[in-house]
Amino acid sequence: MCGRYCLTTDAAILAEIFGLTPSDLPELAPRFNIAPTKHAPVVRAGEEAGRRMDLMHWGLIPFWAKDPTIGSRMINARSETAAEKPAYRNAIRRRRCLVPADGFYEWKKISPKSKQPYFIHARDDRPLALAGLWDRWKDKAGGEDNVIESFTILTTQPNRLLKSVHDRMPVIIGPEGFDLWLSGEVEDPADLQHLFQPVADDTLAMHPVSRHVNSPANDDAKCIEPAEVVDPKGSKRHGSDDGAALFS
DNA sequence: CCAGACGTTGTT
DNA sequence: GTCTGG
DNA sequence: CCAGACGTTGTT
DNA sequence: GTCTGG
């Protein structure tokens, strides 16, 4: 799945990659540890034309929700079934977005009581575009104009590299898929299914990182720094960049 | 009809 | 909002 | 995803 | 154990 990620790339560079108007970008600080319920930038189709980037709450709050805390359980959506789920079926037809990420974290279970975090990123270190859905929720009770826009990240089967750490991974959209994914209303969500295939095995690389990343309060470069794999008994081995090892 | 869920992952 | 379960 | 809380009454 | 918060 995808429950934590990193985004430190400048807004100007993201604008170039995602085809955004450079004069209309949100302020972005480097983020090494974006966690559910935090705000993060997503790219979506503009209401008139083009694309825009806006900050949204991670954890999709369906427009019909009475209690917005439901969003904390909607951080991922299975791409295989999103079109049928009440929480996502409207969004997948009309409100798709791309979630820029330098890379994401996965926790590999290394013993019954221990998990080792890994950082996964493009081999060429360019930002990734994760497939997302968004929604707009309005507080009925508050009376005020309390509007929250929020997003979720789609998941799919792991490719060969990811399979070694986890059984799910985020859907990653290549540049050739941006137009379709960010197009307006799609009548049949089956037309999108081909975008949900796991990325090619040689596009990503990964390395183990410190458990420093475990706490969402830690948001610094140490989160992505290569670290030793440490098992619960304390024996160690050095973390190589597994992606590079597999494909070099 | 109304009430209650609406999600994923991982673990057993 | 809409579907499922009772 | 992980971390951290998980409760009430009464008194200050 | 399970839920909420980040």
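Side chains included, hydrogens not; waters and symmetry mates left out as well; all remaining heavy atoms used. Only a predicted model underlies this, so the values are computations on that prediction, with no experimental measurement involved. So you know, we letter chains A, B, ... as the sequences are listed, proteins then strands, and number each from 1.
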Classify A/Asp167 by what it touches in the nucleic acid, base, sugar-phosphate, or nothing, heavy-atom distance under 4.0 Å.
sugar-phosphate

Need one value for A/Tyr5: base, sugar-phosphate or nothing, where a base atom within 4.0 Å counts as base even if backbone is also close, heavy atoms only.
nothing

Can you tell me, in whole Å, how much space there is between the P of B/dC6 and that of D/dG4?
29 Å

Could you measure between the two P atoms, the one in D/dG7 and the one in E/dG5, and give it in whole Å?
12 Å

To the nearest Å, give me how far apart CG (A/Leu60) and P (D/dC1) are.
18 Å

Interatomic distance, A/Trp107 CH2 vs B/dT8 P [rounded to whole Å]
19 Å

Please state the C1' separation for the pair D/dT11 and B/dC2 - nearest whole angstrom.
45 Å

Think A/Arg44 forms a cation-pi with A/Trp134, using NZ or CZ under 6.0 Å from the six-ring centre and within 45 degrees of its axis?
yes

A/Arg73 CZ to D/dC2 P, in whole Å, measures 18 Å

Of the candidates C/dT2, B/dC6, E/dG6, the side chain of A/Lys38 sits closest to E/dG6

salt_bridge(A/Asp202, A/Arg123) N-O dist < 4.0 Å:
no

In whole angstrom, give the distance that lies between atom CZ of A/Arg89 and atom P of B/dC6.
12 Å

Working to the nearest 0.5 Å, report the span between CD1 of A/Ile172 and CG of A/Leu154.
12.0 Å

Would you mind pulling out the nucleotide paired to B/dG7, Watson-Crick or G-U wobble, both distances under 3.5 Å?
none

Identify the nucleotide, in any strand shown, that forms a Watson-Crick or G-U wobble pair with E/dG5, with both distances under 3.5 Å; if there is none, say none.
D/dC2

To the nearest Å, give me how far apart CG (A/Asp219) and C1' (D/dA3) are.
16 Å

Among the candidates B/dT8, D/dC2, B/dC6, find the nucleotide nearest to the side-chain atoms of A/Lys115.
D/dC2

Judged by each residue's nearest nucleotide on DNA chain B, which is more toward the 5′ side, A/Trp64 or A/Thr156?
A/Trp64

Determine the contact category for A/Ala77: base if any of its heavy atoms lies under 4.0 Å from a base atom, sugar-phosphate if only primed atoms, P, OP1 or OP2 are that close, otherwise nothing.
sugar-phosphate

From B/dT8, B/dT9, C/dG1, nucleotide with atom closest to A/Lys85 side chain:
B/dT8

Quick one: label A/Arg78 by what it contacts on the DNA or RNA (base, sugar-phosphate, nothing), any heavy atom closer than 4.0 Å.
sugar-phosphate

P-based separation of E/dG6 from B/dA3 [nearest Å]:
33 Å

At 4.0 Å (heavy atoms only), tell me whether A/Ile75 reaches a base, stays on the sugar-phosphate, or touches nothing.
base

A/Asp67 CG to E/dT4 P, straight-line distance once rounded to whole Å
8 Å

With sugar-phosphate meaning primed atoms plus P, OP1 and OP2, does A/Pro36 contact a base, only sugar-phosphate, or nothing at under 4.0 Å between heavy atoms?
base

Taking the side chain of A/Thr37 as its heavy atoms from C-beta onward, which of E/dG6, C/dG1, B/dT8 lies nearest to it?
E/dG6

Span that lies between the C1' atom of D/dC1 and that of B/dT9, in whole angstrom
10 Å

Check every atom of B/dT11, C/dG1, D/dA3 against the side chain of A/Ser215 and return the nucleotide holding the closest atom.
D/dA3

Rounded to whole Å, how long is the line connecting atom CZ of A/Phe32 with atom P of D/dC2?
21 Å

In terms of ring plane angle, is the pair A/Phe119 and A/Tyr105 parallel, tilted or perpendicular, where the classes change at 30° and 60°?
tilted

Between A/Glu80 and A/Arg168, is there a side-chain N and carboxylate O pair less than 4.0 Å apart?
yes

Is the closest basic N to carboxylate O distance between A/Arg51 and A/Asp179 below 4.0 Å?
yes

Measure from the side-chain heavy atoms of A/Met1 and tell me the nearest of E/dG6, B/dT11, D/dC1.
D/dC1

Stacking between D/dC1 and A/Tyr105, yes or no? Criterion: centroid separation under 5.5 angstrom, plane angle under 30 degrees.
no

Quote, to the nearest angstrom, the P distance that separates B/dT12 from E/dT2.
13 Å

What's the closest nucleotide to the side chain of A/Thr155 if the choices are C/dC3, D/dC1, B/dT9?
B/dT9

Cationic N near anionic O, under 4.0 Å, A/Arg136 to A/Glu149:
yes

Once you round it to whole Å, what is the distance between P of B/dT9 and CE of A/Met74?
13 Å

